[in-house]
Trainee: 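Encoded as structure tokens, here's the structure I'll be asking about.
Along the sequence shown, residues are numbered consecutively beginning with 1. Please read these numbers as outputs of a predicted model, since none were measured by experiment.
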Amino acid sequence: MKPRREAVVVNGTFGDWAPITVHLDGEISVRDRSAPYKGAMFAVYPGDIVFSKIDARSGAIGMLPASIPKGVVTPEFPVFVADPAKLDAGFVQRILRTGGFLKALRSKATGTSGRKRISPEAFLDLRIPLPDLAEQQAIVAAYDAVLKAAAAKEMAADAAEAKAMADFEAALGFAPPVPLPDKPIFVASFKDLDRWSHEGVLRGVLKLTDPVPAFPMSLLGTVGKVSYGLQKYPGNRPGLHARPYLRVANVQRNRLDLQIIKTINVPDDDMQKYRLEDGDLLLCEGNSADLVGRGAIWRNEIADCVHQNHVLRVRLDQSKVTPEFALSVINSSYGQAYFRTKAKQTTNLASINSKEVASFPLPLPPLPDQITMIAALDAGRAAAARLRAEAAAGRAKAWAAFEAAVYAAEATTTAPAPAPNPASEEIAEALA
């Protein structure tokens, strides 16, 4: 490789130059910056290697993608050009992410603790495995083939999950929602509006009819009790009666994230009112459109746990409806359309209240039918999860095989009679 030291001079703005930064995973993106740097600036072009002097040892080294035709950096980001006659671009890009290379790069850092840097000279002093160009390209092609196969499995997983949900909705009698026209509405009568939202306005003005369900409808509030949780204030900071509680961040779609659980003070006398019970349905009140109605099921993961007021609790009559069925209906396109339409909209905010949640029209098949429908839906989700796991395992195995191929090639360069390198075949078989 050779350094690129092409100075960039601009007048007041970057113009068609894009200021870039290198992330710790090797990705390169455009900085959100309009004013040019005060000091010297240098050019970076697609295929160039660029790294951060101070963060390269943590992985901030990568290749400028073709999507950024003209990058610009400060002297803190040295730029290098690889010899195309000796290095395949895809090969060198991946070499930069191997454990062996990053370990060697870290060993070149100099300076005081916490401010260690990698100099351009130290970078050029590094050694990398260098099979011939044809072998580099073969190794990269085999690795890319596995990534393509993994991406295909992930697409198949998405399709399996979508089909399972579509079959679930079809069993309920819900056809896919009518696509809304891609146009703004500037004038609408109040009588046509159900809620101040773009979707609500369009559906009201266009008189779109709801699908006809296959089962009787019941308001969610008639088969379950909707209630708010505790509101945080200085008086209930964790004290003598500190209890674990769920925040919006803990309630993800179809799952709970319990890695970080905070506490709040709840006296013993109030615990009966706020304690979560097995099968409670937890729904996010909102704050943003994607949060409205996001929900999960509580399965007594933590003893004596309560919930914050921004998380609504629905305690269902499980002799009439299972939590899994109710949550799946809410997560369906039918359910999400309801929550989007009913959500109160303000600038950059959206939320739904307990009254609207209790008014959600829930199709109510007999309990055995609910269990059968959920079993079919879960089977589709399980098939999707298997495909995603296979794709992830294939990627991991392919990367291990790539590193083995690269460093095996280095090991055989000085051998008197190098054996055939099977690593490319191993990569190609990574998803077998």
Side-chain angles (χ1 to χ4, degrees), residues 1 22-29 45-51 56 59-68 80-106 123 126-160 383-432:
M1 294 190 186
V22 187
H23 301 281
L24 299 184
D25 61 357
E27 294 296 316
I28 296 177
S29 64
Y45 297 103
D48 287 356
I49 305 300
V50 59
F51 67 84
I61 179 170
M63 177 182 290
L64 190 71
S67 58
I68 306 176
F80 298 87
V81 182
D83 182 350
K86 296 180 180 179
L87 276 173
D88 175 76
F91 180 81
V92 69
Q93 185 177 23
R94 289 163 178 79
I95 279 285
L96 300 178
R97 308 313 307 167
T98 60
F101 177 83
L102 291 173
K103 180 179 179 181
L105 187 65
R106 285 192 293 271
F123 173 73
L126 288 168
R127 295 175 66 251
I128 63 169
L130 194 63
D132 64 50
L133 198 60
E135 179 64 10
Q136 293 177 40
Q137 292 167 344
I139 291 172
V140 170
Y143 178 69
D144 286 348
V146 176
L147 296 192
K148 184 177 180 180
K153 287 202 170 190
E154 287 171 338
M155 289 181 63
D158 292 342
R386 284 194 298 272
L387 287 168
R388 292 190 181 104
E390 289 173 10
R395 282 194 172 94
K397 186 177 178 181
W399 182 249
F402 174 83
E403 289 193 305
V406 168
Y407 288 99
E410 180 189 38
T412 59
T413 53
T414 56
N421 181 8
S424 294
E425 288 77 6
E426 291 178 10
I427 297 175
E429 294 172 0
L431 282 182

Trainee: Any chance you could measure Ile128, atom CD1, to Leu96, atom CG, to the nearest 0.5 Å?
Mentor: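 Atom-to-atom, Ile128:CD1 and Leu96:CG are 8.0 Å apart.
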Trainee: So do the side chains of Ile61 and Arg97 get within less than 4.5 Å of each other, counting heavy atoms only?
Mentor: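 With C-beta onward as the side chain, the pair touches.
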Trainee: Between Val146 and Arg395, is there a side-chain heavy-atom distance shorter than 4.5 Å?
Mentor: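 They are not in side-chain contact.
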Trainee: Check Pro65 against Ile28 and note the closest heavy-atom contact, atom names and distance.
Mentor: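 Pro65 and Ile28 have their closest heavy atoms at CD-CB, 4.2 Å.
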Trainee: Do Leu130 and Leu87 come close enough that some side-chain heavy atom pair is under 4.5 Å?
Mentor: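 Answer yes - side chains close enough.
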Trainee: Does some side-chain heavy atom of Val81 sit less than 4.5 Å from a side-chain heavy atom of Tyr45?
Mentor: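 No, too far: nothing below the 4.5 Å cut-off.
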Trainee: Is any side-chain heavy atom of Met1 closer than 4.5 Å to one of Val92?
Mentor: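 Answer yes - side chains close enough.
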Trainee: Shortest non-hydrogen contact from Pro46 to Ala66?
Mentor: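 Closest approach of Pro46 to Ala66: CB-CA, 3.9 Å.
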Trainee: Strictly distance-based, threshold 3.5 Å: is any side-chain N or O of Gln136 a donor or acceptor partner for the main-chain N or O of Phe91?
Mentor: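 Side chain of Gln136 to backbone of Phe91: no pair is present.
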Trainee: Any idea which heavy atoms bring Pro129 and Ile95 closest together, and the distance?
Mentor: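 Taking Pro129 first and Ile95 second, the nearest heavy atoms are CD-CD1, 4.2 Å.
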Trainee: Looking at every heavy atom in both Arg388 and Ala157, which two are closest together, and how far apart are they?
Mentor: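 The pair with the smallest heavy-atom distance is CG-CB, 3.6 Å.
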Trainee: Measure the shortest side-chain to side-chain distance between Val406 and Glu403 over non-hydrogen atoms and say whether it is less than 4.5 angstrom.
Mentor: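 The answer is no, as the side chains (C-beta and beyond) never meet within the 4.5 Å cut-off.
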Trainee: To the nearest 0.5 Å, what is the distance between CZ (Arg106) and CZ (Phe101)?
Mentor: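 Rounded to the nearest 0.5 Å, the CZ-CZ separation comes out at 11.0 Å.
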Trainee: If you compare all heavy atoms of Phe123 against all heavy atoms of Leu105, which two are closest, and at what distance to 0.1 Å?
Mentor: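 Closest approach of Phe123 to Leu105: CD1-CD1, 4.3 Å.
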Trainee: Using side-chain heavy atoms (C-beta onward) and a distance below 4.5 Å, is Ile139 in contact with Phe402?
Mentor: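 They are in side-chain contact.
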Trainee: Closest heavy-atom contact between Glu154 and Ala391?
Mentor: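 Closest pair (atom of Glu154, atom of Ala391, distance): CG-CB, 3.8 Å.
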Trainee: Flag the pair Asp144 / Arg94 as yes when at least one side-chain heavy-atom distance between them is below 4.5 Å, and no otherwise.
Mentor: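 Answer yes - side chains close enough.
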